[in-house]
Amino acid sequence: MAISQTYHDAATASIPRLMVEDTTASNDVAEKLEAPIFSYGSHLTPVQTSASRRSQLTHTRSHIDGHSYYSSRPSVDENHVNGGNNTKAEEDSADEKGYKEVVWDGPDDPLNPKNFPTWRKWMIVLTLALGSMCVTLTSSIYTTTYDQMNAEFGSSRIVATLGLSLFVFGLGLSPMILGPLSEFFGRRPIYIVGFSMFLVWLIPSAVAQNIQTMLIARFLDGFSGSAFLSVAGGTVGDMFTKETLSAPMMIYSAAPFLGPGIGPIVGGFVNSNIHWRWTYYILLIWAGVMLVAISVLVPETYAPAVLRVKARKLRAETGDESWKSQLEVSDKSILRTVMVSLYRPFLILFLDPMCFSLCLFSAILLGILYLFFGAFPLVFANVYGFNLWQNGLAFLGILIGMLIGITSDPIWHYLYIHQLDVHERKHGERASEPEYRLPSSVVGSWFCVVGLFWFAWTIFSSIHWIVPIIGTAFFGTGIILTYVGIFTFLVEAFPLYAASALSANSFARSSFAGAFPLFGRQMYTTLGFHWASTLLACLTLVMAPFPFLFYVYGKRLRAKSRFSPSQT
């Protein structure tokens with residue numbers, strides 16, 4: 001299937017969000033790509049900058065959504081211990097720049113999202129989590145409308161399945177195109193516009209009179225909803241420090257994973273009892289409520305955008321037009337930023353073996369998950385005689401497995417700290433290696449293998465239906481554990497291009513998730529339920545050793561990568 005921390009701070013979060021953009025580190029590359037001149041430290045407080053001091057800037061983007069920057073110089077919290085007043089050197093610098101830079105009024109500035117009350121922060125997190133769940137649930141709930149919709153439209157099952165594939169393709173494309181716009185306009189406009197268009201494109205789905213209208217609306221709906229996903233996760237990191245980020249990030253990040261699993265359960269009951277169009281009426285009601293909640297409850301939290309508003313108020317109150325925020329004086333190009341976001345992910349995907357292997361593995365896993373939206377009804381209806389709502393409940397195994405994977409985060413956090421302790425004892429310094437993030441993937445990959453083989457050879461009418469569903473729970477747990485390790489490894493292994501690596505991962509996953517459902521039912525019909533599931537299990541078996549291999553040999557492979565810091 002997305003903060004305002006540096007990528008390293010955000011990587012300490014329990015569950016990362018997969019989004020897009022790009023990063024770079026050297027000033028030469030930054031100037032070629034028209035890198036932003038605004039920056040802020042780990043507490044989201046802007047630093048004082050000027051054109052004469054640009055060479056001091058080092059920037060990167062958060063692995064969550066790619067919209068964060070930092071400087072190697074001290075932050076405002078360190079420089080402005082007197083409550084935010086400029087020092088003499090900074091006043092001289094302001095004279096050289098020709099404008100007065102607007103910054104936070106010290107570390108306790110109430111405008112700083114880090115200083116929001118705790119209750120307000122959590123209200124925002126829960127609002128965004130429910131909105132993200134609404135978007136991803138829409139992808140899978142569609143599969144429960146096939147029978148009624150096809151009868152009305154006279155369309156085939158394979159044509160109807162295109163609606164699922166096109167929605168997922170839209171989810172993969174939008175972040176690379178629309179995600180970078182938040183660097184210029186802030187997060188809130190992307191939330192409002194993206195979720196509004198998501199709501200709008202639900203309407204033609206609800207009233208469509210033919211399959212062509214449905215397919216076009218589905219693609220545009222996925223494209224619009226993903227614009228919301230591509231920046232919504234950023235708000236979590238905008239508000240929480242790295243010490244408090246883990247719990248809210250786990251809550252927010254769980255939502256997009258749980259959405260596809262909940263979709264068939266809800267849709268099964270809806271389409272078993274009322275007309276299929278009520279699937280979209282219910283989504284319209286949910287999305288409408290969420291749009292109002294987002295508009296009312298979620299403020300702008302992107303620090304440069306907040307400071308831009310502050311600068312405008314200062315100019316209005318004082319009549320002094322020299323007050324400027326860094327975002328207002330940035331010479332970044334929207335077109336150049338989008339172009340870089342489009343092409344660089346493909347470079348790292350196809351030119352780095354580690355990135356390619358891990359992206360391929362995660363893509364296969366998500367492809368299998370979306371293939372199951374067509375395969376489960378076929379298997380459980382034929383073997384166990386399940387009806388539509390019972391087929392939906394069959395996804396409870398995957399859903400519960402995902403929840404188990406999410407709640408196991410403290411185990412992996414403890415193991416990560418243990419590895420840091422071992423490294424400190426051996427080398428005399430407490431430093432992290434990207435490979436320390438892979439243990440969850442090492443374990444999770446084998447959970448996927450076991451779960452799929454379990455499912456493949458227990459779907460017999462003589463075996464109770466709960467047994468294969470337990471096998472799918474292993475698969476659900478494995479998906480979460482594998483993704484967590486892969487995401488955080490990519491961030492730390494390619495720190496200069498972290499967002500590009502994750503954007504490549506997003507594109508690969510969406511491509512497979514969109515393609516697998518197109519041949520899933522045919523494969524299960526041709527090979528038989530047992531051997532088709534075995535084939536899927538064998539795919540994961542082939543890929544399962546890679547996390548362990550990279551855990552052992554990753555450091556040597558990174559040293560040879562053209563995208564590693566030592567090679568740039």
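Positions are given from 1 along the sequence.
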Side chains of [X] and [Y]: does their closest heavy-atom pair fall under 4.5 Å?
X    : Y    : answer
L396 : I469 : no
V442 : T482 : no
Y370 : P260 : yes
D352 : F494 : yes
L358 : N505 : no
F550 : Y553 : no
L366 : I479 : no
L378 : T525 : yes

For the residue pair [X] and [Y], does the interplanar ring angle fall in the parallel (under 30°), tilted (30 to 60°) or perpendicular (over 60°) class?
X    : Y    : answer
F380 : F455 : tilted
F346 : F350 : parallel
F373 : F395 : tilted

Starting at [atom1] of [X], measure out to [atom2] of [Y] and round the result to the nearest 0.5 Å.
X    : Y    : atom1 : atom2 : value
T458 : H464 : OG1   : NE2   : 12.5 Å
I364 : M543 : CD1   : CE    : 5.0 Å
I406 : I480 : CD1   : CD1   : 4.5 Å
S445 : I486 : OG    : CD1   : 8.5 Å
Y416 : R437 : OH    : CZ    : 4.0 Å
L171 : T136 : CG    : OG1   : 8.5 Å

Applying side chain to side chain contact (heavy atoms under 4.5 Å, CB included), run through F361 and S357 and close with a yes or a no. CA-CA 6 Å; F361 189 20; S357 301; over 6 Å; no
Give the minimum heavy-atom separation between [X] and [Y], together with the two atoms involved.
X    : Y    : value
F516 : L371 : O-CD1, 3.7 Å
A508 : C359 : CB-O, 4.1 Å
F474 : G451 : CB-CA, 3.7 Å
M354 : F489 : SD-CZ, 3.9 Å
I348 : C355 : O-CB, 3.7 Å
P547 : L438 : O-CD1, 3.7 Å

Looking at [Y], is its backbone amide N or carbonyl O close enough to the side chain of [X] to form a donor-acceptor pair, meaning the two atoms are under 3.5 Å apart?
X    : Y    : result
T488 : G485 : yes
H423 : S432 : no
T161 : L518 : no
S533 : F529 : yes
H530 : A456 : yes
T477 : A473 : yes

Stepwise ring-ring contact (aromatic ring centres under 6.0 Å, His included) test for F169 and F223: CA-CA 8 Å; F169 288 148; F223 190 87; over 10 Å; no
Working for side chain to side chain contact (heavy atoms under 4.5 Å, CB included), residues N391 and Y384: CA-CA 10 Å; N391 285 331; Y384 296 105; over 6 Å; no
Is it true that atom CZ of F548 has more than 12 heavy atoms of other residues, nucleotides or ligands lying nearer than 6.0 Å? no
Counting only heavy atoms not in H418 (residues, nucleotides, ligands), do more than 12 fall under 6.0 Å from its NE2? no
For F546 and L360: C-alpha separation, side-chain torsions, deciding distance, then whether side chain to side chain contact (heavy atoms under 4.5 Å, CB included) applies. CA-CA 11 Å; F546 281 99; L360 178 61; over 6 Å; no
Between W454 and T472, do the side chains contain an N or O donor and an N or O acceptor separated by less than 3.5 Å? no
Modelled atom types, side-chain donor and acceptor of W412 and S408, under 3.5 Å: yes
Does Y483 have R509 sitting over its ring (NZ/CZ under 6.0 Å from centre, angle to axis within 45°)? yes
Stacked cation flag K121 on F240, 6.0 angstrom / 45 deg: yes
Should V449 and F475 be marked as a side chain to side chain contact (heavy atoms under 4.5 Å, CB included) after you check the CA-CA gap, both sets of side-chain angles, and the distance that decides it? CA-CA 7 Å; V449 174; F475 177 67; over 6 Å; no
Sole residue of K555, E492, Q419 in side-chain contact (heavy atoms from CB on, under 4.5 Å) with E433: K555
